[in-house]
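Read the numbers this way: they start at 1 and go in the same order the structure lists the ligands and their atoms.
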Amino acid sequence: MNIGIVGLGLIGGSLGLDLRAAGYQVLGIARREQTCVDAIARGVVDDASVDLALLAAADVVFVCTPISAIAPTVQQLIPHLSANAIITDVGSVKKPVVEALEPIWTNFVGGHPMAGTAESGLEAAQTQLFAGKAYVLTPVKTTPPAAVNIVEEIARSLKAKIYQCRPEDHDRAVAWISHLPVMVSAGLINACINETDPAVLELAQQLASSGFRDTSRVGGGNPELGVMMARYNRGELLRSLQQYRTGLDQIISQIEREDWNALQGKLSINQQTRPKFLNLE
Ligand code: NAP
């Protein structure tokens, strides 16, 4: 089977490495010639080009560009593809992507491999990035089951754990566990930066340790990624932020009222429930 990958960055490059290792023939598309040369040299693809016509031979195409470029890329790709080729994407938000592509390509299957690092670009590509991680497929009523099965089979070859859900459920769920944490963590860093006493600010920076490292990690990452989440998952992110604000107000009120029992109750529920989000049970 020939697999095409458009966008040879962290996700596209990592897919190429593992799919070739799994025995697939991989054809890559990049915007710059040098990326094509580098991708072939690194063994990410069997062949690469800046010309989408290379993908005329592809049975399945993974679109791995930033979210804003996914739909325009598919529009450009369509004239080059064989009529029964399957297109899938790896975008971190699903509803806007599926809504844009489902009407224009029958064999489109929305997807989101939930793996990544803080790095980007081809040089960040690595083997086994998806092993043991969730890979979500978001077929809709019109998605041909045969196309879903083929994308699922490919995702399984990455040793990923496959989940299927509606695009809107995906976006709501990732708002809770990915996009809200980024904004909360960003708010935390922002609050600390705004300490008005320079001596205390410097002391806090010197004393910060593992607690601050853990809670600030996702908010101190790539700003473009945070803006992408807010822009493309705006509704669900706002909903989760408002819910978060309500919870924060309750905690403030419990502390103001010195209602330690209520606070203890809330923290106990959190302690019991957190493992369910981390597959620790
Ligand atoms: P990345 O490392 O920056 O790679 C993006 C690739 O797309 C690069 O090869 C880049 O090419 C190409 N590209 C950029 N703008 C383009 C455009 N306008 N038209 C065509 N190609 C373009 O990013 P990534 O982390 O792999 O993310 C790619 C996709 O994966 C995104 O949709 C993201 O939502 C999704 N995703 C990311 C993660 C994560 O943690 N990073 C996890 C899961 C899913 P050049 O080299 O020419 O600039």
**Request:** Taking side chain to side chain contact (heavy atoms under 4.5 Å, CB included) as the test, write out the residues that go with Q243, two or more places apart.
**Result:** W176
**Message:** Can you confirm whether the side chains of R31 and T35 place a donor and an acceptor under 3.5 Å from each other?
**Reply:** no
Donor-acceptor pairs are to be reported for all side-chain atoms of residues 78-88 against protein atoms at under 3.5 Å, with residues two or more places apart or in another chain.
residue: S82; atom: OG; partner: N84; partner atom: OD1; Å: 3.3
residue: T88; atom: OG1; partner: V109; partner atom: O; Å: 2.6

**Fill in**
Heavy atoms of S120 and A124 approach each other most closely as O-CB, 3.6 Å
**By salt bridge (charged side-chain N to carboxylate O under 4.0 Å, His left out) - contacts of R217 (at least two apart)** = none
**Asked** Between H112 and H170, what is the ring plane arrangement, given parallel below 30°, perpendicular above 60°, and tilted in between?
**Response** perpendicular
**Fill in**
By chain and number, the residues contacting ligand 1 below 4.0 angstrom (heavy atoms only) are G7, L8, G9, L10, I11, R31, R32, C64, T65, P66, I67, A69, V90, G91, S92, H112, P113, A115, G116, S120, G121
